[in-house]
Amino acid sequence: MSVCKNKKELRAPVFEVGPKLYAYGKRALEIAQAADQACERYQVSVIFTAQYTDIQMIANKTNHIMVFAQHMDYLYPGRGVGAVLPEALKEAGAEGVMLNHAECPMDIETIRKCVARAKEVGLYTMVCAENIEAALCVAEMEPDIILYEEPDMIEAKEQEHHHTEEITAVNDIIAGINPRIIVLHGAGIHDEKDIYRIVRAGADATGSTSGIMKSEDPCGMTEKMIRAVSDAWSDRAAGEQSAAG
């Protein structure tokens with residue numbers, strides 16, 4: 001089977017809006033469209049991990065964000081009931097798929113098969129890893145993004161785990177296997193200040209669920225966070241240039 005190509009380029013910096021089950025239908029579309037506007041304004045690659053039933057609607061009514069599915073299976077067209085077919089996601093307008101989230105875990109062999117199937121149909125892959133050991137194993141599969149987050153820090157109240165040294169160490173370890181993989185550092189993000197701090201500390205990608213979905217103004221918070229990614233990315237580049245003399 002020939003490998004299809006993606007329509008949009010995935011490049012750092014990246015921000016992922018993860019609505020989970022908090023938003024669907026019209027509400028999910030409103031947030032996605034706010035992300036779409038911010039994506040164009042701030043030149044940040046934005047991923048919106050939509051529910052299956054919202055993929056086509058959001059893909060058709062946005063222009064710049066990349067719509068990802070929250071999960072998929074590795075089956076081929078044919079027999080099977082209740083599975084999420086990669087080809088169907090692609091035809092609905094998905095640009096990629098998230099795999100192995102802490103709330104939808106998968107075994108290693110299933111992840112491997114799903115990554116291979118996603119590549120066949122031209123879907124980007126974002127694979128979650130809960131620790132370094134898992135990240136190393138996943139990196140061998142050559143996904144486009146590794147979403148690195150420790151399960152006990154999801155929706156945590158403190159951000160003490162997001163230190164420059166830790167972010168750099170994780171990035172370097174994964175880069176040692178495949179430097180083309182984008183590493184997304186997430187978990188426990190509450191507002192745009194957290195976003196700025198993580199990207200400024202060395203993350204090329206980050207994202208948020210509860211920080212957006214539980215805010216008083218999810219659309220406004222989405223815009224603030226994407227702007228924070230852009231600001232931190234620019235400030236980081238300026239700092240690196242200054243340090244280089």
A.B. asks: Is there a donor-acceptor contact under 3.5 Å from the side chain of Asn178 to the main chain of Glu142?
C.D. replies: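 No, Asn178 side chain to Glu142 backbone: no donor-acceptor pair under 3.5 Å.
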A.B. asks: Would you check if Tyr22 and Ile212 make a side-chain contact, meaning some heavy-atom pair closer than 4.5 Å?
C.D. replies: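 SC-SC contact between Tyr22 and Ile212 ruled out.
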A.B. asks: Would you say the side chains of Tyr42 and Glu223 form a donor-acceptor pair under 3.5 Å?
C.D. replies: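 A donor-acceptor contact under 3.5 Å links the two side chains.
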A.B. asks: Determine, step by step, whether Val17 and Thr222 satisfy the side-chain contact (heavy atoms from CB on, under 4.5 Å) criterion, reporting the C-alpha distance in whole Å, the side-chain angles of both residues, the deciding distance to 0.1 Å, and the verdict.
C.D. replies: CA-CA 8 Å; Val17 181; Thr222 297; 4.2 Å; yes
A.B. asks: With no hydrogens and no angle check, is any side-chain donor or acceptor of Asn171 less than 3.5 Å from a backbone partner on Ala203?
C.D. replies: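 Here the side-chain-to-backbone pair does not exist.
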A.B. asks: Do you know the tightest heavy-atom contact between Ala139 and Ile174?
C.D. replies: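 Heavy atoms of Ala139 and Ile174 come nearest at CB-CG2, 4.4 Å.
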A.B. asks: If we only count heavy atoms from C-beta on, is the Phe68 to Phe48 side-chain gap below 4.5 Å?
C.D. replies: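 In short, these two side chains do not touch, never coming nearer than 4.5 Å.
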A.B. asks: State whether the side chain of Asp191 and the backbone N or O of Asp194 hold a donor-acceptor pair below 3.5 Å, judged by distance alone.
C.D. replies: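 Present.
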A.B. asks: Minimum heavy-atom separation for Ile146 and Ala135, please, with both atom names.
C.D. replies: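 Where Ile146 meets Ala135 most closely, the heavy atoms are CD1-O, 3.6 Å.
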A.B. asks: Asp73 and Leu85: side-chain contact (heavy atoms from CB on, under 4.5 Å), yes or no, with the steps?
C.D. replies: CA-CA 6 Å; Asp73 297 292; Leu85 192 66; over 6 Å; no
A.B. asks: Working to the nearest 0.5 Å, report the span between CD of Glu9 and OG of Ser45.
C.D. replies: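 Glu9 CD to Ser45 OG: 7.0 Å, rounded to 0.5 Å.
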A.B. asks: Can you confirm whether more than 12 heavy atoms, excluding those of Glu30, are under 6.0 Å from its CD atom?
C.D. replies: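 Atom CD in Glu30 is packed in, count exceeds 12.
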A.B. asks: Which atoms form the tightest heavy-atom contact between Gly96 and Leu123, and what is the distance?
C.D. replies: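 Closest heavy-atom pair between Gly96 and Leu123: N-CD2, 3.8 Å.
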A.B. asks: Using 0.5 Å steps for rounding, measure from the CE atom of Met141 to the SG atom of Cys114.
C.D. replies: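 Answer rounded to 0.5 Å: 10.0 Å.
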A.B. asks: Are side-chain heavy atoms of Val138 and Leu99 found at a separation under 4.5 Å?
C.D. replies: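 SC-SC contact between Val138 and Leu99 ruled out.
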A.B. asks: Just jot down the side-chain hydrogen bond (donor to acceptor under 3.5 Å, both in side chains) partners of Thr110, sequence neighbours excluded, or say none.
C.D. replies: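 Thr110 satisfies side-chain hydrogen bond (donor to acceptor under 3.5 Å, both in side chains) with Asp107 once adjacent residues are dropped.
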A.B. asks: Can you find a heavy atom in the side chain of Val170 that is under 4.5 Å from one in the side chain of Ile132?
C.D. replies: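 In short, these two side chains touch, coming nearer than 4.5 Å.
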A.B. asks: Can you tell me how far the CD1 atom of Ile167 sits from the OG1 atom of Thr206, to the nearest 0.5 Å?
C.D. replies: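 One finds 8.0 Å between CD1 of Ile167 and OG1 of Thr206.
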A.B. asks: What's the separation between atom OH in Tyr124 and atom CG in Asp144, rounded to the nearest 0.5 Å?
C.D. replies: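 If we round to the nearest 0.5 Å, Tyr124:OH and Asp144:CG are 6.5 Å apart.
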A.B. asks: Any chance the side chains of Glu16 and Thr49 put a donor and an acceptor closer than 3.5 Å?
C.D. replies: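 Present: a donor and an acceptor within the cut-off.
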A.B. asks: Check whether Ile108 and Val127 end up in the same hydrophobic cluster, where Ile, Leu, Val, Met, Phe, Trp and Tyr are linked by side-chain heavy atoms less than 4.5 Å apart.
C.D. replies: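 Yes, because Ile108 and Val127 connect within a single hydrophobic cluster, where side-chain heavy atoms sit under 4.5 Å apart.
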A.B. asks: How long is the straight-line distance from SG of Cys128 back to CE of Met106, given to the nearest 0.5 Å?
C.D. replies: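 Between atom CE of Met106 and atom SG of Cys128 there are 10.0 Å.
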A.B. asks: Set out, in order, the CA-CA distance, both residues' side-chain angles and the distance that settles side-chain contact (heavy atoms from CB on, under 4.5 Å) for Met213 and Ile31, then state yes or no.
C.D. replies: CA-CA 9 Å; Met213 300 301 155; Ile31 299 169; 3.8 Å; yes
A.B. asks: For Tyr74 and Glu120, which I'm curious about, is there any donor-acceptor pair between the side chains at under 3.5 Å?
C.D. replies: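 No, because no side-chain N or O of Tyr74 sits under 3.5 Å from a partner of the opposite role on Glu120.
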A.B. asks: For a 4.5 angstrom cut-off between non-hydrogen side-chain atoms, does Pro105 reach Asn100?
C.D. replies: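 Heavy-atom side-chain distance check passes, below 4.5 Å.
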A.B. asks: Side-chain contact test, heavy atoms from C-beta onward, threshold under 4.5 Å: evaluate it for Met221 versus Ser208 and give yes or no.
C.D. replies: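 No, their side chains stay 4.5 Å or more apart.
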A.B. asks: side-chain contact (heavy atoms from CB on, under 4.5 Å), that's the test. Do Thr125 and Val97 meet it? Break it down for me.
C.D. replies: CA-CA 5 Å; Thr125 50; Val97 61; 4.2 Å; yes
A.B. asks: What is the minimum heavy-atom distance between Ile182 and Ala205, and which atoms define it?
C.D. replies: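 Closest approach of Ile182 to Ala205, heavy atoms only: CG2-CB, 3.8 Å.
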A.B. asks: So, do Glu130 and Glu149 sit near enough that their side-chain heavy atoms are less than 4.5 Å apart?
C.D. replies: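 The answer is no, as the side chains (C-beta and beyond) never meet within the 4.5 Å cut-off.
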A.B. asks: Could you pull out all residues at least two apart from Arg236 that satisfy salt bridge (Lys or Arg N to Asp or Glu O under 4.0 Å)?
C.D. replies: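 Salt bridge (Lys or Arg N to Asp or Glu O under 4.0 Å) check on Arg236 returns Asp204, Glu240.
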A.B. asks: Taking the side chain as C-beta and beyond, is there a heavy-atom pair between Leu136 and Ile173 under 4.5 Å?
C.D. replies: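 In contact.
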A.B. asks: Look up atom NZ in Lys224 and atom OG in Ser215, then write down how far apart they are to the nearest 0.5 Å.
C.D. replies: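 It is 8.5 Å, given to the nearest 0.5 Å.
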A.B. asks: Of all heavy-atom pairs between Tyr52 and His71, which one has the smallest distance, and what is that distance?
C.D. replies: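 What the structure gives for the nearest pair is OH-CB, 3.1 Å.
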A.B. asks: In this structure, would Leu75 and Met98 fall into the same cluster of hydrophobic residues linked by side-chain contacts under 4.5 Å?
C.D. replies: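 Hydrophobic grouping puts Leu75 apart from Met98.
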A.B. asks: Is a side-chain N or O of Thr168 found less than 3.5 angstrom from the main chain of Thr164, in a donor-acceptor match?
C.D. replies: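 Side chain of Thr168 to backbone of Thr164: a pair is present.
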A.B. asks: Could you pull out the closest heavy-atom pair between Gly207 and Phe15, with the gap in Å?
C.D. replies: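 Looking at all heavy atoms of both residues, the closest pair is CA-CE1, 3.6 Å.
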A.B. asks: Which donor-acceptor pairs under 3.5 Å do side chains of residues 57-66 form with protein atoms, sequence neighbours excluded?
C.D. replies:
unit_1	atom_1	unit_2	atom_2	d
Asn60	ND2	Gln56	O	3.2
Thr62	OG1	Ile58	O	2.7
His64	NE2	Glu40	OE1	3.4

A.B. asks: Check the pair Lys20 / Glu103 against salt bridge (charged side-chain N to carboxylate O under 4.0 Å, His left out), numbers first and verdict last.
C.D. replies: CA-CA 10 Å; Lys20 293 187 179 178; Glu103 296 173 15; 2.9 Å; yes
A.B. asks: Under a plain distance cut-off of 3.5 Å, with no hydrogens placed, do Tyr196 and Asp235 share a side-chain donor-acceptor pair?
C.D. replies: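 Judged by distance alone, the side chains do pair up.
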